[in-house]
Structure formats: structure tokens, C-alpha cells
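Worth knowing before you read on, the calculation uses all heavy atoms, side chains too, and leaves out hydrogens, waters and symmetry mates.
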Amino acid sequence: MCFGVSGIMEILILYSMILLLGGNSASAHIGIQPLSKIAIHKATVALTNSASIKASPFVLGLEGQDVEWVTVDLDNYEPSNDDWIGVFSPAKFNESNCHDPSNPKEQEPFICTAPIKYQYANFSSSNYTKTGKTSIRFQLINQRADFSFALFAGGLSNPKLIAISNHITFANPKAPVYPRLAQGKSWNEMTVTWTSGYDIDEAVPFVKWGMMGHERKLSPAGTLTFQRNSMCGSPARTVGWRHPGYIHTSFLKDLWPNTRYSYKMGHMLSNGSYVWSRKYSFKSSPYPGQDSLQRVIIFGDMGKGERDGSNEYNNYQPGALYTTDQLIKDLDNIDIVFHIGDITYANGYISQWDQFTSQVEPIASTVPYMVASGNHERDWPDSGSFYGGTDSGGECGVPNQNIFFVPADNREKFWYSTDYGMFHFCIADTEHDWREGTEQYRFIEKCLASVDRQKQPWLIFAAHRVLGYSSDKYYGLAGSFEEPMGRESLQKLWQKYRVDIAFFGHVHNYERTCPIYQNHCVNSERSHYSGVMNGTIHVVAGGAGAHLSEFSPVNTSWSLYKDYDWGFVKLTAFNHSSLLFEYKKSRDGYLGTFRNKSPRFSFFLFLFLLISANR
């Protein structure tokens, strides 16, 4: 094996190895759920003829599109830098049916629901405060209802409604949209989950699918939804509530391995007519143990971004679109994706789940998009979560469990195993107790013990919170460099069953350790590994989009590479004895940067060898 570095990188011989790069760059952006900044419960209504707002076009998606751009024209005789535009859906948002009869002091009119996004009126024109005129473009997705745009004065903390636009709508707001593929409970099964506005009383959901170039078949779909009273608290149960639509899942079974299939979602209406989605395709999974090229993406904590620059996610998940776009760009070289918790950061604003599924649709409609449970999906006091925090905003896991399918026996217990060719994955749920003696601990041991390493040499453990090792600043201040109680119960299982790599999110950066056991590196090699490693490599890959996390100033002995930037990990299994590991930066897709003292070297290449011998 040899390589050269001279401004560019060249690999002369590549065999039996994992490629890994790391470095430090970027700066932190810290924020809170921006929709929560709007004191919508304090809003007053002061409609005036001196302000007007108009949206166009009136009808969207005339050619079947589920994402469209809208122009909003604003005219205000008393402009201010605090003026902002809220996008509301459904369009009628100041309904009296949200009045609280237990509070006799509450007076109408008032507004009882948060917008789905917002933007300051001066966003596209610095002259707005002088002229009172501006035009702003918003990107809307089909969310099963019409839209209106509202102009507010008084800023976010004391909003005063002064103008409301006309209503606009998609041509078919109920259309089937945003398919999400996932592995089924067997290797030759693919699930298709999508969202529509059709309840089962209105239409029968199904998937029409088949091998490319062959006859298509129909598979029925089950339908789920959830209601406001399924939420555990505010804002999910109050100003953040929005009906999630109807969530359909179909199981495509008896697939041939590594075969391309086409599919589209359909609904048969009561009058016998059909409503169809666009046509999509996927490649089925390889047979467990099959020796073929297999490529896996792993990351956590991505969240969503807004391509129209809407303020609700600025400085909250600033890297989300970087990661999304890099994955879309490389989609032909990806077979399966694992998003290990902190999916949308909706935090109780249910409209954001639609927007996230739209964002990842090019990926999730093409390859299995497997998710795990994180604190921002699950945590709420007295709801059964292991932690008593409020990070889910009252969702307590309900949207995640319904909107994404995982092959768990019980999706309330969000742990599962899945196979992909030469890989065996054990996905844990850190928001439920994992310690020795618990139901989840027994699952983890069974999952790790069940793999046949002759057929599936690559054993991967993944979970949201860092149950292993991390140089995160706050873990460092606690002195544990892990989630409290994290690895004490599990590291003996990782060691006993020779887990190759353990992946974690939660901490918003990238870090890789040496092969480690009980706080000690068990292999002195830094750049490549061969044969039995005698320990597990721990990887924090939580920098997919959310504001970045600082590292501890303590230089831990087991930490080999760190990167303070947005990125994700790609694993490529070539065969049963060699695996390529790549850490890629989301900004540009480059393999991670290392800053060398010599100005000649803009990049430095680390080769990381892992061979599945003698397992």
C-alpha cells in the first residue's frame, strides 16, 4: 500500500482497507427551534387598509409537482424592520374553535396556531422600510391544505396582524407524496411509506410495482395517523399542532436480490378513479452474506433547511442542506442510509415533519432510509422515555414512530436489527433504558450474537446518544467523555462479539477513536488495521446539519481524529475481507481536511485498514 500527497491525493494501491480523513474547521452556530420564538399566543388582530399582501400563482402543481415557488407582493404604508410574513396552512388560521372555554379572560380574535415558516419583510429588499414595497419568494410543498400569507408588525414577541393574503392551493392537495423506503423484517422485503390527504374512507391505498421491464403487481397498504391528543405536551399539543395527514405503508415482498424495481403509489377513489404519484425506482437488498459492492451512509442530527432562506431554520440546522445535497449528488453510489436520531428537530411543530420528508425525498424514495430515535423525537417527562427532558416539544416519539417505518417488533421500543449483504446492523434506542438486565440490553446481546461472521463479517452498532466515547466539551466537563451510564453495560458486549464500529450522533461534530476497550487503545496503529482488532472503533457522526458542538480542551489519548464541521460517514464493503471507510465533508464532499504545518499540503490522507480475519 502506498500513497502520495502533493497538493492532490493519489492512491496507487488500494486493498483491504478503510479510508478515513479528519480535521478541524468551521465555526459554531447555536439556535433554538425558531418557530418557538414567535409569541403567537400574544398575537393581536389589527387589520388595516394601509397594508396589503398578495400571493401568486393561485394554483400550484398543475403538472403534478409537489414543490413550487410562490411570489408574495407586499405594500405597507407604515413599514418597520420588525415586520414579518407568516405562512399559514390551512389558510384560515384564526378560527374560534381553538378558544379555551376554561379561560374566561381570553378574548377573540386571536391566533391559535404557529405558521409553518416565516420571513422578515425586509429579507429581499433593504429599501423596504423606505418604500413599504417588496416581493419575496417562498418555496412551498404540498401539505394537504391551502395556504395564506399574513403580514405582522411588532416583531416576533408582540405580533400584530395587519394584512392577510388571498388563499392559494395545490391542484390536488391530497395527492400521495414523499415516499420513504425502508428495509422490511426480512432481507427480501422493502417497505414503502408515504403521506396523503386520503383517509381509508375516501380511497384505498396501494403500490403498483415490479421489476424494470416486467409486468407490475399491486400491493395493498395499511394506513395510520395520529391526533392532537396523542401528543404529550406543548407546543405539539397546542400552537405546534397540525394534522399529519394519513400515513400509508406497503410491504413489497419476495424481492430478487440486487434487482432494480420501479414503483408508484396509488389511491383508488370511491368512484372507481385513481390518483397516482410520480414513478420511482429502487434496487433491492443483496442476499445476507452476498459478496458484492455495498455502500452505506451513516450520520445523525441533520434536521431540515429552507431553500428560500426562511428565517425559521437559520442558525439552527445550518448544515442540513449541505448534507442533503451531497447525498443527492452521490446517490448513484449509495445503497442504504442510516439517520441515527434527531431527524427533523421539529420539537413539537408538526408541520416540519412534512417539510423534512420533502427535503429527503430524492434520497428516501430511492434507497432505504433507516432512522433511529433521538432525544428531539422522544424525550418528554412522564412519557416512558429514559430521560425526563422536554427536547421533543411534546411529541414523545409519536410522529417519528408513524412517519418512518423501521423493522422493530414494537415501534414504541425503537430498537431493531437489519441486514444488508455483508453488513449486520444493531440499532439501539438511547431514549429507553439500555442497561444490563433491561429488555433492550437483552435485544442488543441477541442481535450481536445472532450474526454469522463467516457470511456477514461487518458488525455495526449504532445509537443516538454517545454510549461509547466522545471528546465533547460537556462530556469533558463531566469527566466521563460519554453519555452518563453510557458504555458501562455495553462495552463488554461490544468486546465479546467483536463489534467492528460503533456509531453515535447527539454530539454535533465528527470524531474517531482507536480500537478501544475499557478506556485503553488496544491497537497502536493509527492509519490502517489488519486482522483482529481486539477492540471497537467508536465514531461520532453527529455533524450532519445541526449547530456544531465544541470539543473538550482535554486531549484524550484514545481520540485519533476530530472535525468541527458538517459531514457524514460512508462505508463501502468490497468483499468479505476489506472495507473502505470515508468521512466526507458536507460542504463540498471532500474527504476530511487535516491542517499540516507545511503549507505545501492542503490535504493529508489517512488510510485505515480493517480486515475480517479470524472472527
Side-chain angles (χ1 to χ4, degrees), residues 176-196 198 200 205-209 219-226 230 244-255 261 263-267 277 280-285 296-298 300 302 335-344 346 350 353-354 356-374 377-378 395-420 425-429 431-432 443 447 462-464:
V177 290
Y178 320 131
R180 288 88 71 184
L181 299 175
Q183 298 276 89
K185 289 190 176 183
S186 61
W187 71 270
N188 60 350
E189 180 180 67
M190 187 74 75
T191 67
V192 182
T193 299
W194 72 97
T195 306
S196 84
Y198 293 111
I200 55 175
F206 61 92
V207 172
K208 187 175 184 178
W209 63 286
S219 289
T223 299
L224 298 173
T225 190
F226 53 92
S230 300
Y246 299 97
I247 301 152
H248 317 281
T249 298
S250 183
F251 298 82
L252 315 186
K253 300 183 178 183
D254 299 323
L255 304 178
Y261 289 85
Y263 72 98
K264 60 180 179 179
M265 301 91 72
H267 293 263
S277 73
Y280 302 90
S281 70
F282 66 86
K283 187 178 74 172
S284 57
S285 300
V296 179
I297 298 293
I298 303 178
M302 184 167 75
D335 295 314
I336 187 170
V337 171
F338 287 86
H339 186 162
I340 53 175
D342 284 7
I343 310 299
T344 68
I350 308 303
W353 283 92
D354 282 319
F356 179 82
T357 57
S358 173
Q359 175 181 306
V360 300
E361 185 219 34
I363 306 163
S365 64
T366 306
V367 300
Y369 198 95
M370 312 302 294
V371 301
S373 180
E377 285 79 57
R378 185 61 186 84
E395 293 179 7
C396 53
V398 175
N400 193 34
Q401 293 162 18
N402 285 276
I403 292 171
F404 284 94
F405 178 87
V406 296
D409 290 337
N410 179 348
R411 278 192 271 178
E412 168 61 24
K413 301 169 182 176
F414 218 79
W415 55 78
Y416 62 92
S417 66
T418 192
D419 296 306
Y420 195 88
F425 296 92
C426 297
I427 310 301
D429 178 0
E431 310 317 299
H432 285 88
F443 158 79
C447 181
H464 179 63

State whether the side chain of [X] and the backbone N or O of [Y] hold a donor-acceptor pair below 3.5 Å, judged by distance alone.
X	Y	result
S358	D354	no
E377	D342	yes
T191	S250	no
S277	P176	no

Any heavy-atom pair between the side chains of [Y] and [X] that's under 4.5 Å?
X	Y	result
M190	S284	no
E395	F226	no
D335	V296	no
I247	W353	no
P244	N402	no

How long is the gap from [atom1] on [X] to [atom2] on [Y], to the nearest 0.5 Å?
X	Y	atom1	atom2	result
L255	S186	CG	OG	8.0 Å
D419	K185	CG	NZ	14.0 Å
S285	I336	OG	CD1	6.0 Å
K283	Y261	NZ	OH	13.0 Å
T225	I403	OG1	CD1	9.0 Å
M370	I297	CE	CD1	15.0 Å

**Asked** For N400 and R411, what are the C-alpha separation, side-chain angles and deciding distance, and is it a side-chain contact (heavy atoms from CB on, under 4.5 Å)?
**Response** CA-CA 9 Å; N400 193 34; R411 278 192 271 178; over 6 Å; no
**Prompt:** Is there a side-chain contact (heavy atoms from CB on, under 4.5 Å) between V360 and H339 once you walk through the steps?
**Reply:** CA-CA 11 Å; V360 300; H339 186 162; over 6 Å; no
Between [X] and [Y], what is the shortest heavy-atom contact and its length?
X	Y	answer
A372	I343	O-CD1, 3.8 Å
P368	Q183	CG-OE1, 3.7 Å
Y369	I363	CD1-CG2, 4.1 Å
V371	Y416	O-OH, 2.9 Å
S230	V398	O-CG2, 3.7 Å
T366	L181	C-CD1, 3.5 Å

[atom1]/[X]: more than 12 non-hydrogen atoms of other groups inside 6.0 Å:
X	atom1	result
K253	NZ	no
D409	CG	no
K208	NZ	no

**Prompt:** Using 30° and 60° as the class limits, which term best fits the ring planes of W415 and H432: parallel, tilted or perpendicular?
**Reply:**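 Rings of W415 and H432: perpendicular, over 60°.
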**Request:** Measure the acute angle between the ring planes of H248 and W194, then classify it against the limits of 30° and 60° as parallel, tilted or perpendicular.
**Result:**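 Answer is tilted, since the angle falls between 30° and 60°.
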**Request:** Salt-bridge test for K413 and D429: reply yes if a basic N is under 4.0 Å from a carboxylate O, no otherwise.
**Result:**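 No, no charged N to carboxylate O under 4.0 Å.
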**Request:** Would you please indicate if the ring centroids of F425 and Y420 are separated by under 6.0 Å?
**Result:**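 Ring-ring flag for F425/Y420: false, centres at least 6.0 Å apart.
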**Message:** In this structure, is the centre-to-centre distance between the rings of F404 and F414 below 6.0 Å?
**Reply:**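 No, they do not, as the ring centres are separated by 6.0 Å or more.
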**Asked** Under the ring pair (Phe, Tyr, Trp, His ring centres under 6.0 Å) criterion, do F251 and F405 qualify, and how do the steps go?
**Response** CA-CA 11 Å; F251 298 82; F405 178 87; 5.5 Å; yes
**Message:** Evaluate R180 against S365 for side-chain contact (heavy atoms from CB on, under 4.5 Å), listing each step before the verdict.
**Reply:** CA-CA 5 Å; R180 288 88 71 184; S365 64; over 6 Å; no
**Trace of the side-chain contact (heavy atoms from CB on, under 4.5 Å) decision for W209 with V192** = CA-CA 11 Å; W209 63 286; V192 182; over 6 Å; no
